[in-house]
Number of protein chains: 2
Amino acid sequence: MNGRFPIAMHIMTLLCTADEVLSSDYMAGSINVNPVLVRKELSNLIKHRLIKSQQGKNGGYLLNRPAADISLAGIYQAVRSGAILGQAKNQPNPACPIGRQINAHLNTLEADIEQTMLNKLGNTTLAAFCKKFE
Amino acid sequence: MNGRFPIAMHIMTLLCTADEVLSSDYMAGSINVNPVLVRKELSNLIKHRLIKSQQGKNGGYLLNRPAADISLAGIYQAVRSGAILGQAKNQPNPACPIGRQINAHLNTLEADIEQTMLNKLGNTTLAAFCKKFE
DNA sequence: ATTAATTGTAATAATAAATATTACATTACA
DNA sequence: TGTAATGTAATATTTATTATTACAATTAAT
């Protein structure tokens, strides 16, 4: 996987603990990645209605609802890209009895694991996560 | 993540359902990836004592113990590389109160989720997985 | 003994994915 | 009107993954 979940969590934690809007440049400075990457992730988080923005001078970003109403599962779902257990890009040989069926069975397993993980992540709110930073 | 778990599962399923040793070239043909990639993964699975090899002509690979004694968690642990929830390669700004602590808290979360996932994968044996292919 | 099929592994190349950079249009406050 | 910010496209760079080539070592079969 890539660094999107850690970066999204960093963003959400910053916004959760801030008492005013934060700029993408400020957040990029805390995360220490390129500001455009942060803005892309902010765009995505807006699309998933987790945050909102204020444009123009003195603009910035803020949470779209109370942190107690945002679960880590929601954040994960906003950034998830591909399978938890990995995604091979091969196309197994359909002439082989195993190759013909393996993807279907792996997909079932993947769905099962992902649901387990979402249940677990759903147990923690952003508010609870941010309490650790006191 | 990458395709190592799917490929390892494909290998283990082939070996589980075979009644003789299988060559890396045969398995590469079923998986449809480069034979050297398969041999590298086979090497790794040997290192984790999940399979063993017979060298020389007519050689090949076979399971190292009954499929009922191999769990999907064991296979996952043999191939896992990095964090389930993603690994950012940035170094957060230590001058920021959030940046200073975020990695510690994300690592705790990661460990928690990974344990949940291993518990779930531990519930299924390779033998049970392979029964689906009848 | 010799041959051939195979494991095992190193070195390199090619491809794909992630991240960084540059640029600039748009917005809204002061 | 100037300025600080969002929003986004285009491109470049870096990193990770997969493929390829090559060949030494091993062992069964002839």
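Naming convention: chains lettered A, B, ... in sequence-line order (proteins, then strands); numbering from 1 in each chain.
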5' to 3', nucleotides 25-30 of chain D under a 4.0 Å protein heavy-atom cut-off (B base, S sugar-phosphate only, - none) gives -BBBS-
Rounded to the Å, how far apart are A/Gln87 CD and D/dT17 C1'? 14 Å
C/dT21 P sits how many Å from A/Asp25 CG, rounded? 13 Å
Any side-chain heavy-atom pair from B/Phe133 and A/Pro97 closer than 4.5 angstrom? no
Closest nucleotide among D/dT6, D/dT18, C/dG8 to the B/Ser53 side chain: C/dG8
Nucleotide C/dA20, atom C1' - distance to CZ of A/Arg4 in whole Å: 16 Å
Expected rows: protein N/O vs nucleotides 12-15 of chain C N/O, under 3.5 Å:
none

Give the intermediate values and the outcome of side chain to side chain contact (heavy atoms under 4.5 Å, CB included) for residues A/Met12 and A/Phe129. CA-CA 10 Å; A/Met12 295 300 283; A/Phe129 184 77; over 6 Å; no
Please assess A/Ser71 against A/Thr124 for the test side chain to side chain contact (heavy atoms under 4.5 Å, CB included), listing each intermediate value before the final yes or no. CA-CA 6 Å; A/Ser71 81; A/Thr124 306; over 6 Å; no
Say whether, by atom type as modelled, one donor and one acceptor occur between the side chain of B/Asn93 and the main chain of A/Asn32 under 3.5 angstrom. no
So what does A/Val33 hit on the nucleic acid, given a heavy-atom distance under 4.0 Å: a base, only sugar-phosphate, or nothing? sugar-phosphate
Report the end-to-end axis angle of the helix from C/dA1-D/dT30 to C/dA30-D/dT1; each axis comes from five terminal pairs, and the value is rounded to 10°. 10°
Quick note, B/Arg39 side chain, CB onward, closest among D/dT8, D/dA16, C/dT7 is C/dT7
Compare side-chain N and O positions of B/Lys89 against OP1 and OP2 of D/dT15 and report whether any pair is under 4.0 Å apart. no
When the distance from CD1 of B/Ile46 to C1' of C/dT9 is rounded to whole Å, what number comes out? 12 Å
Integer-rounded Å distance: C/dT9 P and B/Asn44 CG: 11 Å
Whole angstrom is fine here: how far is it from CG in A/Leu45 over to P in D/dG7? 12 Å
Set of side chain to side chain donor-acceptor pair (under 3.5 Å) partners for A/Glu110, sequence neighbours left out: none
Whole Å only: how far is the CD1 atom of A/Ile51 from the C1' atom of D/dG7? 12 Å
Is there a side chain to side chain contact (heavy atoms under 4.5 Å, CB included) between A/Leu85 and A/Ile113 once you walk through the steps? CA-CA 8 Å; A/Leu85 295 172; A/Ile113 292 294; 3.9 Å; yes
So does B/Pro92 get a backbone contact from the side chain of B/Asn103, meaning a donor-acceptor N/O pair under 3.5 Å? no
Think B/Tyr61 has a side-chain N or O under 4.0 angstrom from the OP1 or OP2 of C/dG8? yes
Over all strands shown, is B/Ile7 touching base, sugar-phosphate only, or nothing at heavy-atom distances under 4.0 angstrom? nothing
Could you say whether B/Val36 or B/Ser24 is positioned toward the 5' end of DNA chain C, judged by the nucleotide with the nearest heavy atom to each? B/Ser24
Can you measure A/Asn2 atom CG to D/dT17 atom P for me and round it to whole angstrom units? 11 Å
Considering just the side-chain nitrogens and oxygens of A/Asn34, establish if one lies under 4.0 Å of OP1 or OP2 belonging to C/dT21. yes
Any pair counted as salt bridge (charged side-chain N to carboxylate O under 4.0 Å, His left out), so long as it reaches residues 45-73 of chain A, sequence neighbours left out: none
Under the 3.5 angstrom rule, does the side chain of A/Thr116 hit a backbone N or O of A/Asp112 as a donor-acceptor pair? yes
Side chains of residues 13-22 of chain B: which donor-acceptor pairs under 3.5 Å do they make with residues two or more places apart or in other chains?
| residue | atom | partner | partner atom | Å |
| --- | --- | --- | --- | --- |
| B/Thr13 | OG1 | B/Met9 | O | 2.7 |
| B/Thr17 | OG1 | B/Thr13 | O | 2.9 |
| B/Thr17 | OG1 | B/Leu14 | O | 3.2 |

Result for side chain to side chain contact (heavy atoms under 4.5 Å, CB included) between B/Ile70 and one of B/Ile75, B/Thr125, B/Asn64 points to B/Ile75
To the nearest 0.5 Å, how far apart are CG in B/Leu106 and NE2 in A/His10? 9.0 Å
